[in-house]
Amino acid sequence: MPATVVITSADAKARAAHWCKIAPAGTVVTFRKPGRTIPQNDRMWAMLTDVAQQVEHNGRRWTPDQWKQLFMNSCGHEVHFMPGLSGEPFPAGFRSSKLTKEQMGELIDFIDAWGTQQGVKWSDGVPA
């Protein structure tokens, strides 16, 4: 039976260690950093919406999702754009839901710095 333990205390760490000790051969154990939080995700989308409403890039407006891909690419995350049936590119590839909490914080900081430099007025939906 699959199990997940979030290491938040000494008890949780002991429970994970115990499960490792009793796990049968061939069991796969994966350790990963915490994923991005819901407040981080909400903040990112509010910021992307502000950028999409206020900034032109290459002479046109882009959707919040397209801006997300542009920012993720600028932060070094692998993304790509595919040509749509109408010839317009659309983002495909790396998803922000796969970012760690730390990576999402770096992305938000980058969007904040870039947007502020471009004169974006952040909405009330963007927590400080």
Side-chain angles (χ1 to χ4, degrees):
M1 170 184 277
T4 300
V5 176
V6 178
I7 307 295
T8 57
S9 67
D11 287 343
K13 191 177 271 191
R15 187 169 47 254
H18 172 72
W19 287 355
C20 286
K21 286 179 186 174
I22 65 169
T27 298
V28 176
V29 178
T30 303
F31 294 92
R32 62 180 172 83
K33 292 182 178 181
R36 58 123 168 99
T37 66
I38 291 172
Q40 282 181 312
N41 190 57
D42 293 346
R43 180 172 185 200
M44 178 194 68
W45 283 109
M47 295 175 84
L48 292 170
T49 299
D50 288 340
V51 170
Q53 291 174 345
Q54 299 175 43
V55 180
E56 284 189 8
H57 176 62
N58 284 345
R60 66 169 286 199
R61 300 268 184 199
W62 299 91
T63 67
D65 195 52
Q66 290 168 322
W67 277 107
K68 179 183 81 166
Q69 298 296 325
L70 289 168
F71 285 121
M72 288 179 66
N73 180 261
S74 293
C75 287
H77 299 289
E78 184 178 339
V79 297
H80 64 277
F81 289 81
M82 295 179 58
L85 296 177
S86 66
E88 288 290 313
F90 71 93
F94 201 84
R95 299 172 42 103
S96 60
S97 61
K98 303 292 185 193
L99 295 177
T100 65
K101 188 175 179 180
E102 180 181 347
Q103 289 171 320
M104 184 63 126
E106 292 169 357
L107 178 62
I108 289 169
D109 289 345
F110 183 84
I111 296 169
D112 179 49
W114 187 91
T116 298
Q117 188 176 44
Q118 301 302 313
V120 172
K121 303 294 183 223
W122 302 115
S123 67
D124 291 339
V126 180

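For reference, positions follow the sequence shown, starting with 1. These values consider heavy atoms only, across backbone and side chains, with no hydrogens, waters or symmetry-generated copies. The structure presented is a predicted model; accordingly, all values stated were derived computationally and were not measured.
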Q: For the residue pair Ser96 and Lys68, establish whether any side-chain heavy-atom pair is separated by less than 4.5 Å.
A: yes
(Q) Are the side chains of Trp122 and Thr116 in contact, using a 4.5 Å heavy-atom criterion? (A) yes
Q. Do Val55 and Trp114 have side chains that get closer than 4.5 Å, going by heavy atoms?
A. yes
Q: Return the minimal non-hydrogen interatomic distance between Thr63 and Ala52, and the atom names on each side.
A: C-CB, 4.1 Å
**Q.** Distance (rounded to the nearest 0.5 Å) between Thr4 OG1 and Trp19 CH2
**A.** 8.0 Å
Q | Shortest non-hydrogen separation from Leu107 to Cys75 and the atoms involved | A | CD1-SG, 3.9 Å
Q.
Please determine whether the number of non-hydrogen atoms from other residues, nucleotides or ligands lying under 6.0 Å from atom CD1 of Ile22 exceeds 12.
A. yes
Q | Distance (rounded to the nearest 0.5 Å) between Ile111 CD1 and Gln118 CD | A | 13.0 Å
Q. If you measure from CD on Gln66 to CZ on Arg61, what distance do you get to the nearest 0.5 Å?
A. 13.0 Å
Q. Is it true that Trp67 and Phe71 have ring centroids separated by less than 6.0 Å?
A. yes
Q) Do Ser123 and Thr49 have side-chain heavy atoms sitting under 4.5 Å apart? A) no
Q) Got a second to check how far Arg43's CZ is from Met104's CE, nearest 0.5 Å? A) 10.5 Å
Q. Once you round to the nearest 0.5 Å, how far does CZ of Arg36 lie from NZ of Lys101?
A. 13.0 Å
Q. CD/Gln40 to CG/Leu99 distance, rounded to the nearest 0.5 angstrom?
A. 9.0 Å
Q) Where do Gln103 and Lys98 come nearest, in terms of heavy atoms and distance? A) OE1-O, 4.3 Å
Q. Do you know the tightest heavy-atom contact between Pro24 and Thr27?
A. O-OG1, 2.7 Å
**Q.** Working for side-chain contact (heavy atoms from CB on, under 4.5 Å), residues Met47 and Ile108
**A.** CA-CA 8 Å; Met47 295 175 84; Ile108 289 169; 3.8 Å; yes
Q. Looking at Ala12 and Ile7, what are the two nearest heavy atoms and their distance?
A. O-CD1, 3.9 Å
